[in-house]
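Heads up: numbering here begins at 1 and tracks the sequence.
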Amino acid sequence: MAFLLISIISTLVYLNALDNPFQYDDQPSIEENVYLRMSEGIRDIFISPGYYVRITEPGAGHYRPVLFITLLLNYRLGGLDVVGYHLVNLAFHVGSAFLVFLIVQAMSGGSKEGVAAGFSLRPRLIAGDKGLGRRLKPAATSYLPPPTYTALTAALIFAVHPFNSEVVNYITARSSVMSAFFYLLAFYCWVKFRTPPPFPPPQGGRVREGVYFYIASLLAFLLGMLTKEVVITLPVVLWLYDMYFYRPFRRTQAEACGYYPYLPFLLLVAIPYVMLRMFFTGAMFPTFKRDLLTQFFTEIPVLAKYVRLSFIPIGLNVDHYVPIYRRPDLPVITSALFLILFMVMAIGLWKSKKIEWRVVSFFVVWFFIVLLPTTVIPLNAIMQENRGYLSAAALAIIMGAVLGQVAAGFTVKIHPHPDPPPSEGEDEGVSRDRPSGLSNKQAAYSRCAILGLILISLSLATLHRNSLWGDKITLWSDAVSKSPLSARGHVNLGVSYAAEGMYRKGEKELLTALRSDDPPQFDIHLNLGSIYHKTGRMDTALKEYQKAAIIQPQDFRPRYGLGALYQQKGDAELAIREYQKVIELNPNDFRTYHNLGLLYQNSGDYETAIRYHKKALSLNPAYVKSAFNLGKIYEEAGKIDMAINEYYNVIGNDPGYTDAYQRLGDLYKKKGDMQRAEKFYREAQKIRNER
């Protein structure tokens, strides 16, 4: 029932996000990723880290084969239909929210101390005063809210919180939502592994059940590591859970085996993963762009901002501008004081006798642990909301626990009074305690009203965020308005304008980015070159492409731009030279092979042209331009049937390709098949009229 409720509410909140377009890094990772179109086997996915992203420097790639498999399945089932990709992201988000629900419920009775402290969230019962024959009655303390309320509150807040909307709208953020799902699943299975049974099981039964949960936790950890590297902090969280709630550590040698369950997580998963990543990518981390002290000072305000946005989601942004701090300036000091208070609160709650407050303390520490990788490693994008997704789960649980305690104040309180002698016919076992406060029904309505108001507010904010992701210009205009100093925001807004043909606006945004404190020089010069190229300013475009090629010589895109520019100017020799450099840098760029095919086709070297066009189609079978030009070559060579076959391939992949219908009509006319010729002529005319 809880899963159904979470699924329905999440789907309604994200319904307006399902047809949002590819954004940001979705272009290189999905739209232009030739590996999605190739038919390599699963083995190749696990040995080629570059399948997921374009590698431009040693150590910059990712080793995320499980993530790529899901993208491959999306492409095989629906091509570039964006709805399917969003649905998968949403499914993992719903699964993560449901795991939050399960974790809270499991932890409510998931430890020896938890059961002892009454954190089962059930009314505790005590024996009556008149002997064992009396029925049990409620204890003389307030009921805790039912476990479903606290767990469902945390799960639903997590499901509809606008801070988490990026992982559904931004498809490339699937790495964050998938890795979080496996992280939460592994943790949940660990909690179940450590949970004592409510009743003594048959001999050996509990051992088998515990082993199953342990193996499931280990496998989920493995899948998470093969999805995103940040899952490597899980063993620390498992150890922390045991320290808080299970406490297997003792001084006696007989109980030292409490350490053993962690070893497979390190020896079988974490350490082998690190070795594989170093083997396939050449380094564990990309080249650091900031020293560690600068990174530390810079990240302190970022951590404080993650907390603030989780509790007060105002100022959400696809591109947060983060100043670089090289010393403890005022924002660093104030943020550090806030985080210290946050940790002091956790320490104080850890000492509390109430287990629910110790749970809050545990998830405060969880928040810092899961953000440790992005805090320590100096990444280019210092803050992204999808990176805080797993920490947001902890803060949602904290909010759920706090609201659960607030809701407990609305719950019926039972006060015992001396029992008068039972009246005639009255059952002696009936309790005569008198309730005070709200009735059960009133308390339930109050709890639901509080939760409902919170969920409605968060859902409306999420719906608004979804609408911004529906258009590139709208999304990046919002980013620039909130972060006017962000060079990345201006670059992406400029690129978005250029993609819509608004070249002057695009140029203005790129030049604005160039004047910023730390401009991404390569991206600016590359895109300025593209704008100047498209607007006919060839000499200026040439200079911009050359600047980009000098800044980042391992990136093939400036070379491709130079090749296209020389090809357009009619300098075939220089164009071929640049395209050959592109192939050296990226042997899987199908557009380069197509353009080389055109150059040799125009020079009359049909044999070489055919070879390049076929290579382009082997990399992207749906690339209709190469298929059409193959048809033209076969047609000129008098190979009518082969030409017809290629034109059929064109209209099979692009039913609106008018010239292919026209060519088919001409060829069937040559063959004397006037019926088919007329059919294709009519279809070509129909498409022209519709346009």
Side-chain angles (χ1 to χ4, degrees), residues 20-32 54 56 80 82 170 317-319 321 468-552 555-571 574-575 578-579 582 589-592 594-595 598 623 625 656 691:
N20 283 348
F22 293 112
Q23 295 274 15
Y24 203 17
D25 286 341
D26 293 341
Q27 182 179 7
S29 299
I30 300 172
E31 287 186 288
E32 296 179 357
R54 180 191 302 119
T56 57
L80 293 177
V82 74
Y170 179 27
N317 195 348
V318 66
D319 184 60
Y321 173 73
L468 293 177
W469 282 86
D471 180 78
K472 294 182 179 181
I473 294 177
T474 302
L475 177 66
W476 290 105
S477 295
D478 175 75
V480 167
S481 68
K482 293 174 180 175
S483 300
L485 298 178
S486 171
R488 185 182 295 103
H490 286 288
V491 168
N492 282 286
L493 181 57
V495 172
S496 300
Y497 279 134
E500 297 297 324
M502 293 181 273
Y503 297 116
R504 287 190 178 276
K505 287 187 175 182
E507 180 185 359
K508 179 182 177 182
E509 293 297 330
L510 290 168
L511 292 175
T512 300
L514 192 61
R515 293 190 295 269
S516 63
D517 292 337
D518 186 23
Q521 298 277 350
F522 172 80
D523 292 330
I524 294 172
H525 291 298
L526 176 66
N527 287 290
L528 279 174
S530 177
I531 288 176
Y532 295 144
H533 189 171
K534 291 175 181 177
T535 54
R537 289 173 279 180
M538 297 298 186
D539 293 337
T540 310
L542 179 67
K543 293 177 182 178
E544 295 296 333
Y545 284 141
Q546 289 174 337
K547 289 178 183 178
I550 293 171
I551 294 170
Q552 203 158 300
D555 197 300
F556 71 92
R557 289 172 291 175
R559 295 295 179 182
Y560 178 84
L562 287 169
L565 190 149
Y566 288 133
Q567 184 175 6
Q568 190 172 343
K569 292 177 70 173
D571 194 334
L574 286 177
E578 293 298 335
Y579 286 142
V582 171
D589 187 67
F590 59 89
R591 298 172 304 170
T592 299
H594 168 75
N595 289 349
L598 285 178
Y623 195 60
K625 292 182 179 180
R691 293 176 179 173

Going by the rule ring-ring contact (aromatic ring centres under 6.0 Å, His included), which residues pair with [X] if we only count those two or more places apart in sequence or in a different chain?
{"X": "Phe522", "value": "none"}
{"X": "Tyr24", "value": "Tyr170, Trp476"}
{"X": "His594", "value": "His613, Tyr623"}

Using a 3.5 Å distance criterion without hydrogens, assess whether the side chain of Ser486 forms a donor-acceptor pair with backbone atoms of Gly489.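 Present.
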Are any side-chain N or O atoms of Gln23 and backbone N or O atoms of Trp469, one a donor and one an acceptor, separated by less than 3.5 Å?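 Such a contact is found between Gln23 side chain and Trp469 backbone.
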Partner residues of [X] under the side chain to side chain donor-acceptor pair (under 3.5 Å) criterion, sequence neighbours left out:
{"X": "Gln27", "answer": "Glu32"}
{"X": "Gln568", "answer": "His533"}
{"X": "Tyr321", "answer": "none"}
{"X": "Asp471", "answer": "Thr474"}

Which residue pairs pass the salt bridge (Lys or Arg N to Asp or Glu O under 4.0 Å) test when at least one of the two sits in residues 493-507, sequence neighbours left out?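 Matches after skipping sequence neighbours: Glu507-Arg537.
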What residue pairs, at least two apart or across chains, pass salt bridge (Lys or Arg N to Asp or Glu O under 4.0 Å) with a residue in residues 480-493?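 Pairs touching residues 480-493 that pass the test: Asp319-Arg488, Asp478-Lys482.
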Enumerate donor-acceptor pairs with a distance under 3.5 Å from any side-chain N or O in residues 523-530 to protein atoms, sequence neighbours excluded.
unit_1	atom_1	unit_2	atom_2	d
His525	ND1	Glu544	OE1	2.6
His525	NE2	Gln521	OE1	3.2
Asn527	ND2	Asp523	O	2.7

Using side chain to side chain donor-acceptor pair (under 3.5 Å), reason through Tyr579 and Asn595 one step at a time and then give a plain yes or no. CA-CA 8 Å; Tyr579 286 142; Asn595 289 349; 3.0 Å; yes
Is the closest side-chain heavy-atom distance between Val480 and Ser483 below 4.5 Å?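 Side-chain contact under 4.5 Å: no.
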Is any side-chain heavy atom of Phe22 closer than 4.5 Å to one of Leu80?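 A side-chain contact under 4.5 Å exists here.
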First locate atom OH of Tyr545, then atom CG of Leu565, and finally report the distance between them rounded to the nearest 0.5 Å.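 If we round to the nearest 0.5 Å, Tyr545:OH and Leu565:CG are 6.5 Å apart.
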Decide if atom NZ of Lys472 counts as having more than 12 heavy atoms of other residues, nucleotides or ligands within a radius under 6.0 Å.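 Yes.
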Closest heavy-atom pair and its distance - Pro519, Ala487: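 Result for this residue pair: CA-CB, 4.1 Å.
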Closest heavy-atom contact between Pro21 and Val82?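 For Pro21 and Val82, the tightest heavy-atom pair comes out as C-CG2, 4.2 Å.
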Taking distance alone, no hydrogens or angles, what donor-acceptor pairs closer than 3.5 Å link side-chain atoms of residues 509-517 to residues at least two apart or in another chain?
unit_1	atom_1	unit_2	atom_2	d
Glu509	OE1	His490	ND1	2.7
Thr512	OG1	Lys508	O	2.8
Ser516	OG	Ala513	O	2.6

Short N-O contact, Asp571 and Lys569, less than 4.0 angstrom: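 Lys569 and Asp571: not salt-bridged.
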Please enumerate all residues that pass side-chain contact (heavy atoms from CB on, under 4.5 Å) together with Ile550, with sequence neighbours excluded.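 With sequence neighbours excluded, Ile550 shows a side-chain contact (heavy atoms from CB on, under 4.5 Å) to no residue whatsoever.
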Show, in sequence, the C-alpha distance, side-chain angles and deciding distance for Glu578 and Tyr560, and conclude whether the side-chain contact (heavy atoms from CB on, under 4.5 Å) test is met. CA-CA 7 Å; Glu578 293 298 335; Tyr560 178 84; over 6 Å; no
Working note: Tyr566 + Leu542, criterion side-chain contact (heavy atoms from CB on, under 4.5 Å); need CA distance, chi angles, decisive distance, verdict. CA-CA 9 Å; Tyr566 288 133; Leu542 179 67; 3.4 Å; yes
